[in-house]
Structure formats: structure tokens, C-alpha cells
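Read through the structure below, which is laid out as C-alpha cells, and then see the notes.
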Amino acid sequence: MKLLRIVLLALLPVCVAPAHAGEGDVLALARLWSEVRAIHPALADGSIDWDRALVDALPALQGADSDASLRRAAATLMAPLHDSSLRIAEDDATFVRWPADGPVLEWLARDTALLHLHFGMQASVAPFVLPARAKRVILDLRPVDTPPVLEQPPTQLLAVLSQLISAPLLPPAKRYRFSTGPHEQNPAEWDGFTPGFMQMEVPRLLPAARARALPIVVIVNDTQRVPDIVLALQKAGRARIVTEEGRWHSRAGPLQTLWLKNGLPVEFAAGQLVWPDSSVASLHADVTLPEDRATGQGSAAVTAALAQLAQLAIPARAAGKSAASQVAMYPVRHDDERYREMSFPQREWRLLAAIKLWANMDKYFPAKRLMDASWDGALRTCLRRMEDVQDAREYGLALQAMAANLDDSHVGVYSRALGFNDLTAFIGVRLARIDGHVVVATLRASSLEHSGLLHPGDEILSIDGEDVAVRLARLGAMISASTEAGRWRNAMDEMLIVPAGSSVNLLVAGADGAKRNVTVPSTPWEDELPLRHERPVVAVEQGIAYVDLARLMPGEVDAMFKTIRNSRALILDMRGYPNRTGRAIAGRLNLRHATSYSTTYQQLALPQEVASGVQFAQTERLFPVAGPLYRGKVVMLINEYAQSQAEHTALMIEAVTPVTFIGTPSAGADGNLRFIVLPGNVRVSYSGLEVRHGDGRQLQRVGVQPHIVVAPTVAGLRTGRDEVLERAQDFLRQDQE
């Protein structure tokens with residue numbers, strides 16, 4: 001065992017490659033690409049090739065980290081979005097020249113009230129009351145100081161507007177896109193939360209007592225978001241908008257800021273404003289002026305506002321410039337490109353592959369917090385390797401090494417270059433790792449059963465001349481596993497996969513300690529014998545029933561319960577993978593009348609101003625089934641091969657009856673299987689949901705824990721004993737004594 005651990009540590013991938021020039025900028029651009037990909041409304045319908053946008057932007061990063069090249073790359077990346085809200089780099093904003101404690105009201109000609117409701121002004125104690133003298137109103141909302149983070153309307157604005165309307169006014173609602181990551185492999189089995197739009201409720205602005213409908217012009221500029229209520233006034237024909245713009249356009253609607261580095265923010269649309277008919281509310285000013293932060297009588301902005309007031313008759317006519325466009329209320333499903341034409345992707349596409357893998361797991365992998373390694377560090381290492389890989393196999397291995405950091409036994413990396421299309425056979429045994437030795441646990445090929453070549457309990461010392469410890473360490477370093485037992489399990493299974501029609505030379509030590517060389521032919525997967533094929537699927541012996549859940553089929557559940565109905569105890573053998581029989585069995589064992597058995601959690605990516613770190617939690621339900629309840633004592637056998645659906649079955653049984661788990665911990669990898677497709681048609685699988693026990697206990701990376709721990713021994717294997725099953729039988733017999 002110590003030798004295996006030492007060799008494994010020696011072969012683990014480490015960050016020894018020298019940093020390539022511009023690495024910091026590549027990481028910054030990756031964060032921007034990931035964030036925009038998750039929430040930007042323009043990416044909902046799948047019409048923009050966002051992968052291609054990153055590939056086109058990467059060449060702009062020239063050499064060492066540079067603000068100028070990073071700014072150019074960000075602009076290239078964001079260009080396909082046609083986002084009028086986009087701003088790159090910090091703006092040295094200039095503000096209106098009006099004192100923060102200046103008067104709110106300034107009278108102009110023809111009883112025109114100019115109200116200074118600038119962002120940054122000091123709030124008065126009492127709400128402002130518009131004098132009865134006022135016949136027309138100009139609202140100057142341009143800031144005198146940096147707007148607050150959330151940029152809510154100034155303190156007085158809503159109170160003032162309620163005095164200027166005669167009917168309720170409905171602002172546009174904020175609508176945010178959220179994403180949930182790739183769909184699982186089989187859409188028919190989708191049981192998570194699908195991506196979509198989240199629309200927020202919005203209150204109507206009600207008229208105040210003795211309110212008067214007066215002509216209104218609102219002055220805004222490019223240093224703030226235009227308040228939503230102003231768009232509603234314009235749409236209702238109740239107001240005109242004068243905007244003052246310098247380097248940037250004026251904007252409305254939700255925004256998000258991501259800092260590429262100090263002094264280099266990128267601000268972009270994080271949502272939409274929508275009217276009740278689902279059309280998008282856009283800002284279209286009636287007058288646009290060049291930047292001039294003066295206010296008061298004689299200033300350019302106020303002069304333009306007075307001209308607009310002259311055109312606003314009472315009753316006010318509808319403003320014709322408030323454009324609205326229809327948009328889909330839901331995102332259109334857009335499967336990732338298969339990249340089939342790329343046998344070995346070019347540099348920018350290789351960098352995209354690492355970034356896309358990182359972004360998906362960063363946003364949507366629910367067990368990211370349980371990882372041992374830094375996921376950001378894994379991206380840095382992989383980006384460096386992508387600069388230097390020479391062929392498709394090295395490229396696939398770099399992605400495999402990166403994915404190994406995820407600590408999830410559902411993770412796999414598959415591509416033609418990695419050989420998964422050609423390896424269609426295996427050495428017909430199952431191996432076990434006992435006390436640091438790798439031994440034959442059982443024979444899985446009919447051709448080996450009576451050949452005398454191998455026997456349960458034989459120790460495997462080398463494969464084709466390579467020491468088993470070395471081979472296991474090499475394979476284990478490239479495997480993502482929820483537990484160490486799962487890592488060795490997967491490494492041993494991987495060690496057995498060989499090309500069809502081949503044969504393998506094994507150095508074996510038998511029960512007498514003598515070493516011998518054995519040549520074993522490969523076995524096609526379709527000729528694999530089921531585990532425990534020598535035992536009946538269902539049997540009753542001395543009042544104790546036994547059911548092999550790895551072989552029991554859904555249509556056999558009712559017959560199984562008829563067979564065992566008179567038994568006093570039941571052993572459910574879950575040392576393998578079931579066939580979707582869990583719910584039917586749990587329904588017949590439900591002495592507790594349980595209605596649920598677990599909770600699943602799925603990551604949702606939302607704009608920052610809505611929430612961060614959001615998980616969608618869903619209770620997994622149980623439903624009544626036909627047939628009498630089984631009231632005998634229940635035991636379930638588990639080990640590291642009980643994974644995913646097997647663990648789900650264990651949670652069901654745990655919820656419905658007082659079950660005793662016997663064996664070793666399960667794999668700790670439940671949750672449905674999702675796939676990411678990367679350039680070169682490389683597919684990466686992972687757990688799309690985190691599953692917890694019904695009482696909230698962690699399952700991922702822990703597994704179902706046995707009440708009674710027992711594992712096979714070499715001596716037991718050599719004598720043909722099933723020591724885990726024997727311990728369960730002894731436990732149930734003792735329970736009756």
C-alpha cells in the first residue's frame with residue numbers, strides 16, 4: 001500500500017511548466033467569457049457563436065500582460081453581442097455643477113419648475129411638495145456625485161412623480177436570464193431545473209392626493225442608469241427624455257460589472273426591461289446632446305428641455321421614439337457544436353477547450369466546494385499545457401489531467417484520440433485491492449471459468465511486464481474520483497481495458513506463493529458475465545430472503561415480493577448497479593409512510609444584482625405502489641461499486657424502513673450524468689446534481705456509510721466465500737436468537 005501511494009504521488013500532475021506570456025490576461029478574458037455566457041440575454045436564443053467569439057478574441061492578447069491588448073481582446077469578444085450598455089475601462093466621470101446641498105426647486109419662465117433631483121444630493125427630511133404654481137416640470141436627474149451601487153431613483157423622484165400623474169403608471173419589469181449548464185446525456189431523463197428567464201414583480205406608481213398631470217421633460221446622462229419609471233412616463237406619452245452623452249451611451253436596464261484587473265472594468269447588460277406584452281423596453285432619447293455638465297437656466301440641457309416642453313401639449317401626445325421589440329420569453333435550447341472537423345484543434349480552440357471546461361464546472365458543478373485542489377489552478381496548468389501539446393492525444397490527456405481535479409467519480413474524458421472508440425474488450429476478471437495487493441476478485445468471462453488460467457485470490461504482479469503498482473499509479477493520477485476507494489476501483493477497471501482481439505501477459509502469484517506467467521485473451525464486453533451469476537437472483541433460505549439488485553429487472557419486482565412474502569428478513573445486494581427497481585421496491589417496504597427520500601441541489605447562474613451562489617433544491621418524492629407491505633428486517637449490502645443510481649436506491653430504502661447497511665462505503669457520486677462537448681469532439685461527463693440524504697447529510701465524496709464494516713479477504717476469495725453476505729446472514733440470525 002505504501003509503494004502504491006509513493007508512486008502515485010510521484011506521478012501526479014504538477015504545475016511545473018513555465019508561465020507563458022499573457023497568462024494573466026487569458027485568465028481575465030476567460031472569466032469575462034464565462035460570466036457573459038451564463039447570464040447575457042443576447043445569448044439566450046443560441047444565434048451567437050460564443051465559442052467562436054472567444055477564439056477570435058484570443059489573438060488580440062499579444063505577449064506579456066497589457067492593459068491595451070486586454071482591452072482590445074475584450075472589445076473583440078463582446079462585439080457579437082451588439083450590447084449598447086457595454087463599457088470597457090474605467091471612465092473618469094464628470095458630474096453636474098450643482099452643490100449637493102443646493103435647492104431642489106428653481107423657477108424658469110412660464111411657471112416652469114426645474115427640479116434638481118440629482119443623484120448624490122442630500123436627502124431632505126420631508127418629501128418635496130410641488131407648488132400649485134407649477135405648470136410644466138423639468139426633472140434634472142444627472143448626478144452631482146458617483147451614483148450608489150444599485151442606482152435606485154433619487155429619494156425624491158418617486159414622490160415627485162406621484163404628484164405629476166393622474167393614473168397609475170406601471171414601470172417595465174426587470175427580466176434576468178439564468179443558466180443551469182449542459183443538459184444530461186439523455187434528455188428524456190432530465191430531472192433538473194432547465195435554463196430560462198426570471199421576471200421580477202414591479203409595483204405600480206400611484207397618483208398622490210390632488211395630483212396633476214403636467215408636461216414633463218427628464219434630463220439624464222451617460223453616468224447613470226435611467227430610472228425605469230422614466231421609460232414608463234415616456235411610453236405613456238407623459239414625458240420626453242433629454243440625454244447628455246460623452247464617451248459612452250446613456251443606458252437603462254440591469255447591468256453587471258466584471259473587473260478584468262485593477263482599473264479595467266467591463267460593464268454589460270445583465271438583463272432586460274420588459275413591458276406587460278413581453279416586448280423589450282429600450283432607452284430612446286428624444287434629444288441627445290454632447291457632454292456639458294452645466295445645469296440651470298441657460299444651460300444647454302435645460303434649454304433643450306424647454307424646447308421639448310413647448311412641443312408637449314395637454315393632453316400629452318404619445319412619444320414616438322420609445323421603441324419596443326418582441327423577444328422570446330424563454331431561451332432556445334442550443335446544443336454545443338460537436339467540433340467533428342477538428343482532430344487536433346489549433347491553439348485558440350485548445351485554449352477555448354480548457355476555458356470552457358473550467359467555466360462549466362465553475363458555474364454549474366454542484367460539488368465544486370468539496371474539491372481538494374484549486375479549480376482556478378487547474379485551469380492555469382491546463383492553459384500552459386495547451387500551448388505545448390503536439391497532437392490530439394496529448395491534447396486529450398491535458399484535458400483529462402485537468403478534469404482529474406474535480407474529485408467526482410462521474411467524471412470521464414472521452415475522445416477518439418484517447419482510444420475509447422477502439423477499446424472494446426477487457427481482461428475477463430474483476431480485481432480487488434486488499435491490503436495493498438491487487439488480486440482477482442471474480443472471473444467475468446465464461447472462457448476463463450474453467451480454463452484454470454486464473455483463480456479468485458490470485459495476486460496480479462505485472463501486466464505486460466509493467467509493475468501493477470506503477471500502472472495503477474499512472475492511471476490513478478488521471479482519474480477523477482469521489483473517494484480514494486473509487487480512484488483505485490476506476491484505476492483497476494481501466495487497467496483491464498484492452499483492444500479487441502488482443503491478449504495480455506500477466507505475472508501472477510497463486511495461493512502457494514509461486515509465481516507464474518499467464519497469457520489471457522481479451523473478452524468482448526458483450527460476453528461479460530454478470531456479477532454473482534452463479535447465485536439465483538431471488539432466493540429464500542432458512543427464513544432469510546436474498547435479492548441481487550444488480551440483476552433484478554423492473555418487471556420482476558412483484559414476483560420477487562411474492563417469493564419472499566413469508567421470509568422474516570431480507571438482504572438486498574446492492575454491490576453493483578441496479579435496473580431502476582428502487583421506487584417499486586421502496587414502495588413495498590415503506591413502513592414509515594415516507595413521502596420523500598432525498599434532496600437534490602443544482603447550481604443556477606444568475607446576475608450579481610439578483611443573487612450569487614444560488615442552488616435550486618428539489619425534494620425527491622416517493623409515491624404509493626400496489627401490493628402489501630413487506631414487514632421483515634432489511635439489510636443492504638454495499639461497496640465502492642454502488643454508485644449513482646445504486647446510491648439513490650440506498651437512500652430510498654433508508655427513508656422507508658430501518659435498514660442496516662453492511663459492507664464498505666459506497667462511491668459517493670450520485671446525481672445525474674451531464675456532458676460537456678469540447679473542440680475535437682472531446683466529451684467530459686460530470687455529476688450535474690448534488691444529492692443529499694433525506695435528513696440533509698452529505699453524500700457526495702462520502703458515500704453511504706455501512707453500519708457494519710466488512711470487506712472481502714484474500715483467504716475468503718480463495719476459498720470461494722462471500723464474506724460480506726455471510727456477515728449479513730450471521731447478523732440476521734443473531735437478531736432472531
Side-chain angles (χ1 to χ4, degrees), residues 83-100 102-109 112-121 136-148 151-157 160-161 164 215-235 238-253 255 257 265 267-269 273 281-312 319-323:
D83 184 352
S84 60
S85 298
L86 178 66
R87 295 186 183 181
I88 302 174
E90 195 167 12
D91 185 27
D92 296 328
T94 57
F95 301 103
V96 169
R97 296 183 290 275
W98 190 260
V104 172
L105 174 61
E106 180 181 358
W107 287 107
L108 305 177
T112 301
L114 170 58
L115 302 184
H116 293 277
L117 301 182
H118 309 288
F119 285 98
M121 287 187 63
R136 306 184 304 174
V137 176
I138 298 173
L139 304 177
D140 193 343
L141 305 184
R142 295 172 296 168
V144 296
D145 198 356
T146 304
E151 298 190 19
Q152 296 295 341
T155 306
Q156 300 283 8
L157 178 59
V160 168
L161 290 178
L164 299 175
I216 305 168
V217 172
V218 182
I219 304 174
V220 296
N221 65 14
D222 56 2
T223 62
Q224 69 179 73
R225 284 188 286 186
V226 176
D228 306 344
I229 192 68
V230 172
L231 301 186
L233 282 167
Q234 184 191 49
K235 180 179 175 63
R238 299 291 308 116
R240 297 281 181 92
I241 297 176
V242 173
T243 183
E244 186 185 82
E245 297 181 351
R247 180 180 176 187
W248 306 108
H249 294 296
S250 298
R251 301 168 299 171
L255 302 172
T257 302
E267 198 170 38
F268 56 89
L273 296 175
S282 302
L283 171 62
H284 291 272
D286 296 279
V287 177
T288 300
L289 302 175
E291 178 180 313
D292 177 5
R293 303 317 195 199
T295 187
Q297 188 167 357
S299 66
V302 172
T303 300
L306 287 169
Q308 289 295 305
L309 281 174
Q311 301 175 35
L312 273 172
K321 294 186 178 180
S322 182

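Values reported hereafter were calculated over all heavy atoms of this structure, with side chains retained and with hydrogens, waters and symmetry mates removed. Keep in mind the model is a prediction, meaning the values are calculated, not measured.
Taking the side chain to side chain donor-acceptor pair (under 3.5 Å) definition, one finds that D140 meets it with R142, T295, sequence neighbours left out. In this structure, the salt bridge (charged side-chain N to carboxylate O under 4.0 Å, His left out) partners of R293, at least two apart in sequence or on a different chain, are D222, E244, E291.
Taking the side chain as every heavy atom from C-beta outward, T243 and H284 never approach each other to under 4.5 Å. Contact annotation: the side chain of L283 never approaches that of V220 to less than 4.5 Å [non-hydrogen atoms, C-beta and beyond].
Minimum heavy-atom separation, W107 to A113: CZ3-CB, 4.0 Å. Here the closest non-hydrogen pair linking A252 and S85 is O-OG, 4.4 Å. The shortest non-hydrogen separation linking R247 to A89 is NH2-CB, 4.3 Å. Scanning all heavy atoms of the two residues, the minimum distance from G120 to V144 falls at C-CG2, 3.6 Å. Taking both residues in full, the closest heavy atoms of H249 and S84 are given as CB-O, 4.2 Å, listed atom of the first, atom of the second, then distance. For the residue pair L231 and A281, the shortest heavy atom distance occurs at CD1-CB, 4.5 Å.
Note that the CG atom of D228 and the CG atom of L233 stand 11.5 Å from one another [nearest 0.5 Å]. Put simply, CG on L105 and CG on L115 are 6.0 Å apart, with the number rounded to the nearest 0.5 Å. Distance check: H116 NE2 to L139 CG gives 11.0 Å after rounding to the nearest 0.5 Å. From H118, atom NE2 reaches atom CH2 of W98 across 6.5 Å, with rounding to the nearest 0.5 Å. To the nearest 0.5 angstrom, R251 atom CZ is 9.5 Å from T223 atom OG1. From T112, atom OG1 reaches atom CG of L306 across 6.0 Å, with rounding to the nearest 0.5 Å.
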Contacts table for residues 296-304: side-chain donor-acceptor under 3.5 angstrom, sequence neighbours left out:
from, atom 1, to, atom 2, distance (Å)
S299, OG, G296, O, 2.7
S299, OG, V302, N, 3.4
T303, OG1, S299, O, 2.7

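D286 places no side-chain N or O within donor-acceptor distance of the main-chain N or O of V242, the cut-off being under 3.5 Å.
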